[in-house]
Amino acid sequence: MNPLSSHPPRTPRVSVVSSHVYNSSVYEKDEVSSDIGAESIDEEDDERMKEAERRIRHEEVWREIVLTSNGRDKAFKIIQYSIKVYLLFHTSVTGSRLLRKSSKQHWEQELVKRLTSAASGLSFSRKCLLLFNWLTPLTTILAQQSVPFSDSAASTKSPVPRPFLHTVLNAPPPVLLELVNAISDDLYTLSLLGILGKRSGDRAARLSDWCWFFATLVGLVENSVERQMNGNLQHEAQSRLYKESLSGATAKSKPTSTKVDDKELFRLQKQDYWLQLTRTKLVMDLIFVSYDIFRFKRARDSVKAISGLIAAILSTAKLYDRHKGALTKALGVTL
């Protein structure tokens, strides 16, 4: 504006509204209040989940486990290999020098005979429980078949699905191994039932062992990769916590970020614990199946019984934790 005009320019004045209402302290208070609210909600959720976990009984978890065929298989496997380990211990004790000359009682011979028959019956029952297990990998493969074959087909209204053979050949190797392994197990079970011949059943069992062997190797490789990634994430979380401790952060200054890192570190440590158990179980499976594939004779019964029992306990522990977590979440919602 012209300074010689009758209306000189107005001098800027400090806005009373901006200095008192929209000050930066208001936003800081809002952020602090939101952080406190989120923190209180997280604490309430944690307390509710802990209370739900305390209310769940072991019988309820086992009830959920035995409702599924996989859970009954794990329970029967523990009983089966516990019997085998007991028979192994019983044979080694009765075969010692101190008890070798003493004649075996009739009840003792009958007990060994009954336990041997029970272990064989449990093995057959487990094979029957796992019939049609190939439906799970087949469903995974068929889900990929609905994906369009090409980009041009994806642009149309009705995409052309991939051919089944093309989908099977492009499926992940672990899924293919699981499919062939399950089909071979079913063929071997059908031979035990008398539907197929013994020679066909033996060939199917041999193929199933090889699939189990390679699937175990693939599982060990995947487990090592997951553990490496988990270790890197733990290192990052520990580095953040260490930097926050050096910066002088307290529970009042940075409560949210510190608690988030603590939770993340606890979750990663728990995940690494189960990864270690999975690796041990896979190693036991590898030892077990190697005796069948390569036909090792030395300490065959002892190694297979002990490795089978350890694998059964570890796999059941994983299944127990999974069902307990599901029950805890379901009960935590209602509290």
Derivation of the side chain to side chain donor-acceptor pair (under 3.5 Å) call for Lys243 and Ser239: CA-CA 6 Å; Lys243 290 179 181 178; Ser239 299; over 6 Å; no
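- For Lys77 against Ala311, the heavy-atom pair with the smallest separation is NZ-CB, 4.4 Å.
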Audit row: Thr280, Leu314, side-chain contact (heavy atoms from CB on, under 4.5 Å) steps and yes/no: CA-CA 8 Å; Thr280 306; Leu314 294 179; 3.7 Å; yes
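- The environment of CD in Gln228 is sparse: at most 12 heavy-atom neighbours from other residues, nucleotides or ligands sit within 6.0 Å.
- Contact annotation: the side chain of Glu178 never approaches that of Asn181 to less than 4.5 Å [non-hydrogen atoms, C-beta and beyond].
- Ser92 places a side-chain N or O within donor-acceptor distance of the main-chain N or O of Leu88, the cut-off being under 3.5 Å.
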side-chain contact (heavy atoms from CB on, under 4.5 Å) assessment of Lys324 paired with Glu64: CA-CA 9 Å; Lys324 186 177 181 180; Glu64 295 297 324; over 6 Å; no
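- The CG atom of Leu319 sits 6.5 Å away from the NZ atom of Lys74 when rounded to the nearest 0.5 Å.
- Summarising the local packing, CZ of Phe296 is surrounded by more than 12 heavy atoms from other residues, nucleotides or ligands at distances under 6.0 Å.
- Note on ring orientation: taking the six-membered ring where Trp is involved, the planes of Tyr81 and Phe288 are perpendicular (angle over 60°, cut-offs 30° and 60°).
- Residues Arg206 and Asp202 are not paired through a salt bridge, judged by the lack of any N-O separation under 4.0 Å between the basic side chain and the carboxylate.
- Linking ILVMFWY side-chain heavy atoms closer than 4.5 Å, directly or via other members, places Leu130 and Leu192 in two distinct hydrophobic clusters.
- Atom-to-atom distance recorded for Ser315:OG and Asp73:CG is 8.0 Å, nearest 0.5 angstrom.
- In this structure, a donor-acceptor pair under 3.5 Å is present between the side chains of Thr278 and Lys318.
- Taking a 6.0 Å sphere around CZ of Arg199, one finds it holds 12 or fewer heavy atoms contributed by other residues, nucleotides or ligands.
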Steps toward side-chain contact (heavy atoms from CB on, under 4.5 Å) verdict (Leu246, Tyr242): CA-CA 6 Å; Leu246 290 179; Tyr242 181 71; 3.3 Å; yes
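- Ion pair Arg227/Asp272 flagged as a salt bridge, since at least one NZ, NE, NH1 or NH2 atom sits closer than 4.0 Å to an Asp/Glu carboxylate oxygen.
- Here the side chains of Lys281 and Asp285 are in contact, with some heavy-atom distance below 4.5 Å.
- Contact of the Leu233 side chain with the Met229 side chain is not registered, since no non-hydrogen atoms from C-beta on lie closer than 4.5 Å.
- A donor-acceptor pair shorter than 3.5 Å can be found between the side chains of Ser208 and Asp185.
- Closest approach of Gly201 and Ser191 over heavy atoms only: CA-OG, 3.3 Å.
- In this structure, Val66 and Arg72 approach most closely via the heavy-atom pair O-NH1, 2.8 Å.
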Lys270 vs Trp274, side-chain contact (heavy atoms from CB on, under 4.5 Å): CA-CA, chis, key distance, verdict: CA-CA 7 Å; Lys270 184 178 180 180; Trp274 289 110; 3.9 Å; yes
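- Closest non-hydrogen pair, Ala52 versus Leu331, comes out as O-CD2, 3.5 Å.
- The hydrophobic cluster containing Trp134 also contains Leu176, counting ILVMFWY residues as joined when their side-chain heavy atoms lie under 4.5 angstrom apart, directly or transitively.
- Checking side-chain atoms of Asn230 against main-chain N and O of Leu268 turns up a donor-acceptor pair under 3.5 Å.
- Summarising the geometry, atom OH belonging to Tyr86 is positioned 6.5 Å from atom CG belonging to Leu115; distances are rounded to the nearest 0.5 Å.
- Contact between Gln80 and Ala119 at its shortest, heavy atoms only, is CG-O, 3.8 Å.
- Atom OG of Ser69 is separated from atom CZ of Arg126 by 12.0 Å, given to the nearest 0.5 angstrom.
- Expressed to the nearest 0.5 Å, how far CG of Leu217 lies from CG of Leu282 amounts to 9.5 Å.
- Between Asp292 and Lys304, at least one side-chain nitrogen of the basic residue sits less than 4.0 Å from a carboxylate oxygen of the acidic one, meeting the salt-bridge criterion.
- Atom OG in Ser123 sits 6.0 Å away from atom NZ in Lys84 (nearest 0.5 Å).
- Tyr188 and Leu129 sit in two unconnected hydrophobic clusters of ILVMFWY residues. Membership requires side-chain heavy atoms under 4.5 Å apart, directly or through other members.
- Of the charged side-chain nitrogens involved, none lies within less than 4.0 Å of a carboxylate oxygen, so that Glu60 and Arg63 do not count as a salt-bridged pair.
- Using a cutoff of 4.0 Å between basic side-chain nitrogens and carboxylate oxygens, Glu51 and Arg55 are scored as salt-bridged.
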Salt bridge (Lys or Arg N to Asp or Glu O under 4.0 Å) between Glu110 and Arg114, worked out: CA-CA 6 Å; Glu110 188 67 21; Arg114 288 177 180 273; 3.5 Å; yes
Derivation of the salt bridge (Lys or Arg N to Asp or Glu O under 4.0 Å) call for Glu264 and Arg267: CA-CA 5 Å; Glu264 182 68 13; Arg267 185 187 67 82; 2.6 Å; yes
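- Put simply, the side chain of Leu122 reaches to within 4.5 Å of the side chain of Ile83, judged on heavy atoms.
- Separation of the Phe76 and Phe124 ring centroids does not fall under the 6.0 Å cut-off.
- Checking side-chain atoms of Asp186 against main-chain N and O of Phe132 turns up a donor-acceptor pair under 3.5 Å.
- Partner of Ile306 under the side chain to side chain contact (heavy atoms under 4.5 Å, CB included) criterion, chosen from Leu309, Ile310, Val303: Ile310.
- Closest approach of Pro172 and Gln144 over heavy atoms only: CD-NE2, 3.7 Å.
- Classified by interplanar angle (parallel below 30°, tilted 30° to 60°, perpendicular above 60°), the ring pair Tyr320/Trp62 is tilted.
- Using a 4.5 Å heavy-atom cutoff, the side chains of Leu142 and Thr167 are not in contact.
- The same ILVMFWY cluster, assembled from side-chain heavy atoms under 4.5 Å apart, contains both Leu193 and Leu196.
- Judged by distance alone, the side chains of Lys113 and Ser117 never bring a donor and an acceptor atom under 3.5 Å apart.
- Placement of Leu286 and Phe294 within a single hydrophobic cluster is found when ILVMFWY residues are connected by side-chain heavy-atom separations under 4.5 Å, directly or transitively.
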